[in-house]
Amino acid sequence: MSRPDGSTDRTPGREPLLSVSDLRTVFYTDKETIHAVDGISFDIYPGETVGLVGESGSGKSVTARSLLGLVDEPGVVEEGTLEFKGEDLLETGWAEYRGDLSIVFQDPSNALNPVYTVGNQIREALAIHQGLRGSAARERAIELLEAVGIPDAPRRVKEYPHQFSGGMQQRAVIAIALACDPDLLVCDEPTTALDVTIQAQILDLLDELQREEDLAILFISHDMGVIEETADRINVIYAGEIVERAPTERLLAAPEHPYTEALLNSIPGRTPPDQRLPTLDGEVPTPDGPAESCRFAPRCPVAVEECHETPPDAVAVGENGTDHSAACLLAGESEPEGEQ
Amino acid sequence: MATTTPADNRRLLAPLQDDPKLAAWVAVGLFLFALQAGAVAHFLTGLVADLLGIFPTAEASNSVLGRLVGLFEVAQRRAAELPTLLSRDVVPNAGHWNGDRWVGTFMGFSPAVSWGIRVTLVYAYAFTWVVWAVLGYRYYREQYRVADWTPRDDIVDRFRSHGWGLFGATIVFLFVVMVVFAPTLGPTTVEQNMESSYDYETTYWNSETEEVETILTGEANLNSKSTGDQSRVMPMSYDDFGRFHPFGTLPNGRDLFTFIVAGSRISLVIGLLSVGLSAALAVTLAMTSAYYKGRVDLGTVLLSDAVMAMPQLLLLIMLITVLSDSWVGEIYSGGFVLALIFAFTGWTYMWRSIRGPALQISERTWIDAAQSFGQRPWTIMRKHMLPYITGYILVYGSMTLGGAIIAIAGLSYLGLGVAPPTPEWGRAIQLGQEYVNTGSWHISLIPGLLITLVVTGFNALGDGIRDAIDPQSDTGTGGAAGRGGGA
Amino acid sequence: MSRLRYLGKRFLLSIPVVWLGASMTWFIIFMGPIDPASRLLSEGQLRNPAAYQAAETQLGLNQPPLQHYFDWMSSLLRFDLGQTWVLYEGSSVNALILDFLPRTLWLGLWSVLIAILIGVPLGFYAGMNSNTVADYVASLGGIVWRAMPNFWLAIILLAVLSTSPVLFGYRFEWETLFVSIDAISGSPDMTRIDTPDGFVAATKKVLPAALVLGSASMGNEMRIGRTAILEVRNEDYVDFAKAKGVSGRLLVWKHIFRNALIPLVPIITSEAFLLIGGSVLVETVFGINGIGQLFYQASVQGDLPLVGTLMYVFILMTVGINLLQDVLYTVIDPRVGLEGS
Ligand code: SF4
């Protein structure tokens, strides 16, 4: 659901809402040190949707949590800057920006506190961010539930989370997130735990809300198909690093990184119907030290010898000013003919 | 195939000839065993004689049973004559001072040192067995097992890096060795010091007359009481008769250490028996109720709720009162009936804990598959359900054992359960109760500390096994399981 | 509505439990290897057939067993508990229970309170500060505390209190602290409990016993409390609340503590079972004339009918606690009874 005109609101001179640079989040366990997020940089401009796509274990969720200051022990955000509205959150802390930066979790049944009514949880946010209390808060809570498409809102506002179905729970979570009056909504796999039909509804809802409220959205998913539909620009993450970045159209048309290629091939419509969906064997490696080779090399269909010796840097491959870069030794040299 | 043919023998022996390391390992094992073979024989023959003696008819010496009992008693005496390394005779500690040196002790050391040497030897011996077993397992894993990895390896590895579990295992090891070698560890024996103290004599150095004299052990006990500030024999000290008391003496002058090691035996035997029985009951019921579900399950829930509605300790007291005078009440100084009662009252807690896992497993498709093949319910339970709940049984068994030890002690504190004069830890606490705030504080304090330590050990072992089997789970130990009904 | 239905169902289920328990008790007492009638009589009376028959008739044991069973069960149901035989000979069991029970309840109340007031906060503290030295000390303390036999702890505590130990340079005299009590052990005086002085005195009297009786529960509640906190802290809803901007105390109390209480409910009530069982030993050591002590005396002295009757009272108490647990559950966890359970 990229904007109808395909524009990205990245008019020069406009400041990014959030600017992440060289973010590193490390987990220290007894046995090893895991560099879950290993030097990630990207910008999000007001009102746009940025996609972050990668397999599970690639560091997407840790990125989301790092942005919101929710990294739990034994993890630490070690380096980088998170510039939000011009201030580095890692220095100022999140306290003042809570709510401006909101999140939607993957599993709505865990994101809602089971012992309080949905209304209670919405009003909690309303009290903090909009100063609403008493009947005003109650009315606003019902309005919000209606806004996210929950029927019979006056009654449901008094119900407990477990009385809601999965899709309704996710709508309630979104309502709570909206009650914080956010500028940026981080959606961490918001549809993965839901049925396919409900997934589409939630995506529509997010799209609608984004247009109404001028929200910026960071959309995180493992599903290239979903990302392709929602995002204006896409970052492909692999083993804690961004391996390719480009505007959606460009990425779909001319992927430079073999991993992106593989993800795109996994979208059902893109392969001829008579062919089997190509799959990648193996798993995302756990980065437990500095890279000494391309981390994708063991699974890369077009790897050359050098790949096992030199870690690739991101190189700009965009034509006429498009922001397109890829971290592959072969990028830009020739079209990586990954597909047989 | 009742007999082994020479061919079989050769096949069995072949690996020994081909593999010198294995042969050495087996030889060490045999050697270790030979050191104690006499004690093992003594124990086995004694056990059979005791078991036969349980039946009321065995009393009459002319019945067949009576004669069998007699036969085994003779065998037991023979076995006692076989030399063993760790017997009291090889490293004796009972001796006397004759004016300028110790007589009758091990190599003329003082009784305390001789006793210390014997204890060290016992533990060193037991530790050697452990090392032997560990080496054997490792060698088997490397050389002989076909699979180079099994899920069990992960469990073993996780347990090996679980400090708390290892602590528990160590305590349990120390305790079990104490139980197994109880008669050897004490500075004296239950028979000489307690049961028939007036049939034995103690030789000692009378410092007033400056002469070596003898006295009946019973008389000597009367003069080594710990009853307050003035007359007391404290831990790690000698009484007036040159007898060494590692834990001091009881108010009746008997040796507390001997009392405690002997008591550890009955605690563990009753504990194991009761946990084993209640585990068997619990597992059978859990599998049947999980397999049939519905009404069977509901019925079992009601039954267990009803048993649990009677507070365990009170139920124990009631049942002991009712059963203590019957013939089962006399077996093993009342210990056997205690174990039975424990099993009857304790299965509920264990059943509660394994019902969940059992129900989960019964939902798996392979159970349905087995049913559709026409396998019989009991076979399905044994083959497809039992293996998945054995881990839980170990965990809860270990914790229940600690609870049982506390409860047995609590009952004998009240004067119920294990009948005197058979030593039991709870009775030592009761005997010393009056003197806790006098100079003879050691009598109650030491057994209490030991119970705490042993129970902590069993709980820690249970924790360790649980974390090794299922690293995710951190369920509480179900309140009562580790607590012996509040004793 | 469905919560009420859930509670109703639990109540209905507890009826067969009481019935089964009482029946088992009847069987053990009256069908066991010991003849209750003969246990009531002294040596001399035993040789007198008339006395024996009188006892048998009084107990109704000359009837066929089934008849006796129904009679016994129906008298329990009507709380027509008869009289005693050996202990306090000839007094009404109802009066005896009314006399002894309050002391046990008083003791039980305080031990539950002590366990909750010390164990839960310590556990929560350890959970909030996990993997610090304080956490390790508290956890280890809880484990060891849990492994100590109650009756032994009671003996040691009594000894410590009676020697007036010198603590931090002060002589600590339990007997004269706040209000004087006649002796450290013994029964609390329940008659003056409505006056402030009487209340403090009665409380002080049972406090050491309550501390001991609550000790095991305290260790357990600490442990479970700690685990619960650790689990809840990692829940998404806590992170979500944080992301919403809920902070500090509100986050801890509203979102963490409240949810961590749920797994504690069954622990607290199952500890109550232990309290009832443990009351026998602790009351014996502390010399409190409670119902546990009564039960023990009746067992030892062979008043088997009284033992059976008291067991019935205990069964009612445990089942009552179970029902209380269900009520607490429905109050504290909105999910109960609504998930079709
Ligand atoms: S650098 Fe080599 S291994 Fe890595 S993606 Fe490019 S071609 Fe594949």
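Naming convention: chains lettered A, B, ... in sequence-line order (proteins, then strands); numbering from 1 in each chain.
B:Ala306 approaches C:Gly21 most closely through the heavy-atom pair CB-N, 3.8 Å. Contact record, C:Leu281 with B:Gly410: CD2-O, 3.6 Å, taken as the closest heavy-atom pair. Here the closest non-hydrogen pair linking C:Ala147 and B:Thr456 is CB-OG1, 3.2 Å. Residue C:Phe151 comes nearest to B:Ile406 through the heavy atom pair CE2-O, 4.3 Å, listed as atom of the first residue, atom of the second, then distance.
Residues B:Leu414 and C:Thr284 have side chains in contact (heavy-atom distance under 4.5 Å, counting atoms from C-beta outward). Looking at heavy atoms from C-beta onward, C:Met311 lies in side-chain contact with B:Leu314 at the 4.5 angstrom threshold. Side-chain contact check for C:Met24 versus B:Phe344: some heavy-atom pair is nearer than 4.5 Å. Using a 4.5 Å heavy-atom cutoff, the side chains of B:Met318 and C:Phe295 are in contact. Using a 4.5 Å heavy-atom cutoff, the side chains of B:Leu315 and C:Phe314 are not in contact. With a 4.5 Å cut-off on side-chain heavy atoms, C:Leu13 and B:Leu298 count as touching.
B:Leu303 touches chain C through backbone and side chain together, each having a heavy atom under 4.5 Å away. For B:Val301, no part lies under 4.5 angstrom from a heavy atom of chain C. Heavy-atom distances place the side chain of C:Leu140, and not its backbone, under 4.5 Å from chain B. With a threshold of 4.5 angstrom between heavy atoms, B:Trp441 does not approach chain C through any atom at all. Residue C:Val285 touches chain B through both its backbone and its side chain, counting heavy-atom pairs closer than 4.5 Å.
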Test side chain to side chain contact (heavy atoms under 4.5 Å, CB included) applied to C:Val280 and B:Ile317, step by step: CA-CA 10 Å; C:Val280 178; B:Ile317 292 177; 3.8 Å; yes

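Taking OG of C:Ser299 as the reference point, atom CG of B:Leu316 lies at 11.0 Å (rounded to 0.5 Å). For the atom pair C:Ile315 CD1 and B:Met308 CE, the distance stands at 13.5 Å (nearest 0.5 Å). Interatomic distance, C:Ile143 CD1 to B:Asp463 CG, rounded to the nearest 0.5 Å: 6.5 Å.
A side-chain donor-acceptor contact under 3.5 Å links C:Trp152 to the backbone of B:Ser444.
Interface summary for chain B: among C:Val300, C:Leu153, C:Thr25, the most heavy-atom pairs under 4.5 angstrom belong to C:Thr25. Note on B:Ile405, B:Leu302, B:Leu416: by heavy-atom pairs under 4.5 Å with chain C, the leading option is B:Leu302. Ranked by heavy-atom pairs under 4.5 Å with chain B, the first of C:Thr318, C:Leu310, C:Val144, C:Asn322 is C:Thr318. Heavy-atom pairs under 4.5 Å with chain B peak, among C:Leu316, C:Leu20, C:Ile155, at C:Ile155. Interface remark: of the candidates B:Gly426, B:Ala409, B:Ser304, B:Gly448, B:Gly448 forms the most heavy-atom pairs closer than 4.5 Å to chain C. Heavy-atom pairs under 4.5 Å with chain C peak, among B:Leu319, B:Leu445, B:Val307, at B:Leu445.
Annotation: C:Trp19, atom CH2; neighbour count of heavy atoms from other residues, nucleotides and ligands within 6.0 Å does not exceed 12.
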